[in-house]
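First the structure, in the form of structure tokens, and then the observations on it.
As the structure lists them, so they are numbered: ligands from 1, and atoms in each ligand from 1.
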Amino acid sequence: MGQMTEKISEIKSCVTRLLDWYRRNARDLPWRRDITPYRVWVSEIMLQQTRVEAVRPYYERFLKELPTIRDLAGADDRVLMKLWEGLGYYSRVRNMQKAARDICERFGGQMPGNYEDIRSLCGIGDYTAGAIASFAFGLPYPAVDGNVLRVMARLTGNGGDILNPSVRKQLTAAVEDILPNDVPAEFNQAMIEIGATVCKPNGVAGGPVCKGCPFETACQAHRMGRETELPVRVVKTRRREEDRTVFKLWSGDRCAVCRRPERGLLSGLYEFPNVKGHLSMEEALNTVRKMGFEPLQILPMARAEHVFSHLVWHLIGWSVRIGDVEPDETLPYQFFLQSDIKKRIPIPAAFAAYAGQNSWTDGTEPQERVMTGAGPADQQNGKTK
Ligand code: SF4
């Protein structure tokens, strides 16, 4: 028997113990109850890049608003973005809607019941297809997410770069080898669960807890004392850093927002006006004037940072009181009551530090208010050019 075959058969001999462990220790998660293909799909897309605890309220709200695939297919873009606000990676939900429309056209509004058709849908990769096929239809396909890759790299003692596609392929093949055909859903869930709660990532998550792990006797990494060295991740690209200045422009109790372009980062979502660079107060005032408004008072807001997968924004903010603004369709900005922004306007998490302000002085740095020369009396005749 080859070395790998031997390792696999040792790992396989622990699967019954793994399933017992899962039955005793599975967390009670909303998407594990009342399983349907749509519910599995929504939860799996939400759980990509997002923690379980953060997903819970979004999941409940999303299904309440859009209980069926047809509802998702027909949802208004702004409603959809609002339901996703704060989860980030908005292309995920846009792709879901494309897939939902495709399901309505090609499959009568029902999720297809075979792996190839599920995999053909927009935004559904190998992992999600495997999760839907196994959890909802009981089909014997692996669902290999980051948790499972980590567990498998440790179990087989694979020291290759886990971000390398050929290493991922080897690890996926190893999962396929141990997957029991009669209980694929339970097995996949158990592997994900053990990765999330026992064989945890190194660093802040605390690393693996090998004592009592159902794989303790068969795990190569544990045997070699290398469990905290694996898996290997070679991160090649550094995130680009960018300074930006955000403006909260207040006209009475209404604030300016604008829609981002249809393509690119955070496409189609709303944002507070912002520009590249960290602007001084003088520069900020000039920028507001260039936007077509006369600033009356200005105050600095807190600094914030937002990390995207490829980019880090270092944000500073200015809260600026401006005069009355008449509705003007030619302006790129629309003014909304703060309460409406909170309820209806999808503002991405990147601007979270500036979204909660309830008045123009809220959340600003405690220092003397700066008057800019123009007073309210100068602003009574509509838009302040
Ligand atoms: S024995 Fe340790 S390293 Fe191996 S699978 Fe279990 S928790 Fe992970």
Side-chain angles (χ1 to χ4, degrees), residues 1-29 32 44 47-53 126-127 130-131 134-135 140-235:
M1 212 173 4
Q3 231 186 1
M4 192 57 183
T5 323
E6 214 173 298
K7 284 184 198 169
I8 292 293
S9 102
E10 265 193 272
I11 298 165
K12 210 168 176 172
S13 70
C14 298
V15 167
T16 312
R17 217 178 302 151
L18 169 76
L19 296 172
D20 284 347
W21 171 89
Y22 178 67
R23 282 171 205 136
R24 279 181 280 112
N25 294 287
R27 287 167 297 173
D28 179 27
L29 300 174
R32 287 185 177 157
E44 290 302 337
L47 286 163
Q48 289 167 12
Q49 324 270 358
T50 313
R51 287 177 307 107
V52 164
E53 284 318 311
D126 291 344
Y127 166 74
S134 63
F135 301 168
Y141 286 90
V144 183
D145 69 350
N147 280 318
V148 178
L149 282 176
R150 179 176 59 256
V151 175
M152 216 56 204
R154 286 173 175 161
L155 283 176
T156 56
N158 189 323
D161 174 10
I162 204 163
L163 300 177
N164 179 325
S166 74
V167 174
R168 295 169 91 101
K169 220 167 151 189
Q170 289 162 17
L171 296 171
T172 302
V175 178
E176 278 167 357
D177 285 343
I178 64 166
L179 182 135
N181 284 342
D182 53 341
V183 280
E186 230 180 341
F187 169 80
N188 283 334
Q189 291 276 21
M191 287 293 280
I192 293 166
E193 191 76 354
I194 202 121
T197 64
V198 175
C199 194
K200 293 181 284 186
N202 300 316
V204 281
V209 185
C210 300
K211 196 165 168 30
C213 165
F215 290 116
E216 197 178 349
T217 53
C219 176
Q220 296 297 317
H222 182 53
R223 219 173 258 178
M224 297 184 291
R226 294 188 62 206
E227 55 267 42
T228 54
E229 289 167 32
L230 298 178
V232 173
R233 278 169 79 96
V234 183
V235 180

field: Atom indices of ligand 1 within 4.0 angstrom of L155 heavy atoms, with elements
entry: 5 (S)
statement: For atom 6 (Fe) of ligand 1, the closest protein heavy atom turns out to be C213 SG, 2.4 Å
field: Best match, C219, A221, C14, G212: closest heavy atom to atom 1 (S) of ligand 1
entry: C219
task: Using modelled atom types only, decide if a donor and an acceptor are shared between the side chain of T172 and the backbone of Q170 within a distance under 3.5 Å.
output: no
- request: Would you mind telling me if ligand 1 is within reach of the side chain of C210, the backbone, both or neither, using heavy atoms under 4.0 Å?
  value: both
- request: Would you tell me which option among G195, C199, P214, G157 has the nearest heavy-atom contact to atom 5 (S) of ligand 1?
  value: C199
- prompt: Do H222 and R154 come close enough that some side-chain heavy atom pair is under 4.5 Å?
  reply: no
statement: Nearest heavy-atom contact between D161 and R233 is OD1-CA, 3.6 Å
- line: Honestly, for I194 the part within reach of ligand 1 (heavy atoms, under 4.0 Å) is neither
- prompt: Just by distance, do the side chain of R168 and the backbone of L149 share a donor-acceptor pair under 3.5 Å?
  reply: no
message: In the structure I gave you, are the side-chain heavy atoms of F215 and V198 within less than 4.5 Å of one another anywhere?
response: no
task: Could you tell me which atoms of ligand 1, counted from 1 in the order shown, lie closer than 4.0 angstrom to a heavy atom of E227?
output: 3 (S)
message: With heavy-atom distances below 4.5 Å as the criterion, would you say the side chains of D20 and P214 are in contact?
response: no
